[in-house]
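Taking it in order: structure first as structure tokens, then the write-up.
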Amino acid sequence: MPNDDKFPATRYGPAERHMAESLVEIERQMLADPQEEDCDCKEGMFNGLTRRGLLAGGLALGGGALIGGRAAAEAPPGAVEYYVQPDPTKEQGRLILQDGGYGSRSQFESEVRWRYPTASIESSWSMTPLASGHGIITPSGLHFERHHAGIPAIDPRTHELILHGMVDTPMRFTMDDLKRLPAVSKIHFIECSGNGLTEWDEPTLKTVQGTHGLTSTSEWTGVRLSTLLEMAGVSDGAAWILAEGADAAVMTRSVPIDKAMDDAILAYAQNGEAIRPEQGYPLRLLLPGYEGNTHIKWLRRLEVSDKPFMTREETSKYTDLMPDGSARQFSLEMEAKSVITFPSGAMKLPRPGFYEVTGVAWSGRGKITKVEVSADGGNTWQEASLEGPVLPICHTRFRLPWKWTGEQAVLQSRATDETGYVQPTLSELVDVRGLNSVYHLNAIQSWHIAEDGEVTNVHA
Amino acid sequence: MFMRNLTVVCAIALATSPLLADESGNGDTTERTSAALPERLEETGERAPMEPPKSSAETVGDIDISSNAFGIGQPATEEQISAIDIDVMPDGQGLPEGSGTFADGKTAYDQACAACHGSDMEGVSELGAPALLGGRGTLADESPVKTVESYWPYASTLYDYVHRAMPLQSPGSLSPDEVYAISAYILGRAGIISDDPETTLDADSMAEIEMPNADGFVEDPRPDVGGNE
């Protein structure tokens, strides 16, 4: 390899070396980019927006960290650094369409997803900053991610979906075909079943982003999978359907055909625009209430069968090991769960007084019917108010006014869903499942408030 | 380690930055790296709306909404399906022709896999590459070790996964013979099949393999915990 001397094998594995080499190449291209000034003037829309601002907005973190002086990272990711008027009532603000026709968030907002430090950077995850969230929708740019092999860039013009196996007519659909079919829009959460996996044994991560940030809610628009299955004609005896992605993991999961026929959506839109690349652009399978891994992104193939396919992600991974050495398989539905997002870990309440305790609750089995909040570690509970709309299989916002007296407190929330299921305590879960099941932790979360107002993650 | 990874993540952010993308892609060329802005309409200068999506069907098909016939989409041919139908099932369905020996597998493994998974398949934790061997009999222990040998219920999954997703930096690059050979080597080293250098795996023998933890999996019994109102 040309860069062997730069990235010696003693310090870099092959994967890292590959990445480091691309980094060098990218930097070289950037520094040599001859078209740099071209795009500013396109259609005369970038008047007054500095090249630097644009770069900072587009490149954010990377630009600053890598190129030093060239594109200092003043603006947070997703924002553009604009001139700040000392008195905005005394001079004109920036001109319309200075953003090119696609808006960005304020340069004074900087919440970002946080990558859990997995050893492999290709197979990793990033978490939603729930503490700063409002309402029930997660901004698309803050939706959590879990990729096993990076994020492909796929041109929708060439992307196709093939539906085959136990069907009368195997079919092929372009993205245009799918967009011609009757569509539905539904607001649903997606939660990775690994959400909270660090928290079984002892309180490990400090913030609600770390303990619960693998759940997010979006409005998803697309075609019902049942529409396609009916068009192709499902054969008798069909029981499972394989969904396969077009990423480098060629991610696959088996889905019960009943679920596929019931409420599965082939989603091409998220929160009113095309689905984000990290979320599966141009096409993602949405299985309301099922564990996140089954919502196959970059969907390219569906195969109907009479048996599950037993892929790696439903045998080696996403199976729950029990104390007796057996492992539960196809634990697909996400059970009811809730968490207080304010106040939450690593915050500090400035002084005693009024606070609105708030958070989100969700269930893969339907609507949330009740959320109770305790300030004394679960001895007494008070019902929180649920903010409408309360939708099935969707984050539900709860709120409760609370007076902090300045004494120690342990805040908890407990959700009940429309099946009557009540969110368990951690010790109830551990009693049955032990400490090695990794996935599907939906226990009540405890936040300790110290006398100085410090909020910490505790097991109570 | 973490900081170095972070830098690399930044590189990915750079690589995917729209500013670096070639903006020449326009019109109907299929190879493009980004979309052009919507055209402007004459006179008013408004942005053109999206074009109504075209159905790929050659002809206007029968349309009967009640029976879910829309005349949209087209039949997939055998070739189109087989070009991407790569899954392999426990009963051997999907296993391609070809074969490979334990000895060839060792060569291929040392070349394509050992750097990440270790020459004794012990895994390299800094790379996130799991151990492939060991752990048999530990699943009920306090610290269970889950590997291909100790945990995986079906040998078909090994073929399927290695072929589709490994080696990590060039997935899908191995020929069927190589995947059979590497599977023979891994399963031979695991003591699941013979570790004689001549031991050969092909579609038939692969489907016959009984994995140690084949009976280790149970159906989801939930709700198993949690009160009920």
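When reading the values below, keep in mind they use all heavy atoms of this one structure, side chains included, and skip hydrogens, waters and symmetry mates. Proteins get letters first, then strands, A, B, ... in listed order; numbering begins at 1 in each.
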Examine distances only and state if a side-chain atom of [X] and a backbone atom of [Y] form a donor-acceptor pair shorter than 3.5 Å.
X: D177(A); Y: S56(B); answer: yes
X: R222(B); Y: E333(A); answer: yes
X: R180(A); Y: P53(B); answer: yes
X: D176(A); Y: K54(B); answer: yes
X: N436(A); Y: E142(B); answer: yes
X: R300(A); Y: I84(B); answer: yes

Check your understanding: Do Q93(B) and K307(A) pass the side chain to side chain contact (heavy atoms under 4.5 Å, CB included) test, and can you show the C-alpha distance, the side-chain angles, and the key distance before you say yes or no?
Key -> CA-CA 11 Å; Q93(B) 247 185 86; K307(A) 294 182 287 289; 4.2 Å; yes
Check your understanding: Tell me, side chain or backbone of P308(A) under 4.5 Å from chain B's heavy atoms, or both, or neither?
Key ->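 Only the backbone of P308(A) comes within 4.5 Å of chain B.
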Review point. A153(A) versus chain B, heavy atoms under 4.5 Å apart: side chain, backbone, both or neither?
Key: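 No part of A153(A) comes within 4.5 Å of chain B.
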Review point. Looking at P144(B), A69(B), S156(B), which has the largest count of heavy-atom pairs under 4.5 Å with chain A?
Key: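 With the most close heavy-atom pairs to chain A, the winner is P144(B).
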Review point. By side-chain hydrogen bond (donor to acceptor under 3.5 Å, both in side chains), which residues pair with R312(A), not counting sequence neighbours?
Key: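 Y161(B).
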If every non-hydrogen atom of [X] is compared with every non-hydrogen atom of [Y], which pair is closest and at what distance?
X: A327(A); Y: Y151(B); result: CB-OH, 3.2 Å
X: D87(B); Y: R301(A); result: OD2-NH2, 2.7 Å
X: R433(A); Y: D224(B); result: NH2-OD1, 2.7 Å
X: M310(A); Y: P90(B); result: CG-CG, 3.6 Å

Exercise for review: Please assess T315(A) against W152(B) for the test side-chain hydrogen bond (donor to acceptor under 3.5 Å, both in side chains), listing each intermediate value before the final yes or no.
Suggested key: CA-CA 6 Å; T315(A) 52; W152(B) 288 32; 5.6 Å; no
Practice item. Sort out for me which of Q423(A), M231(A), K179(A) touches chain B most, counting heavy-atom pairs under 4.5 Å. Key: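 Of the candidates given, the most pairs with chain B belong to M231(A).
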Review point. NZ of K146(B) to NZ of K317(A): how many Å apart, nearest 0.5 Å?
Key: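 Rounded to the nearest 0.5 Å, the NZ-NZ separation comes to 6.5 Å.
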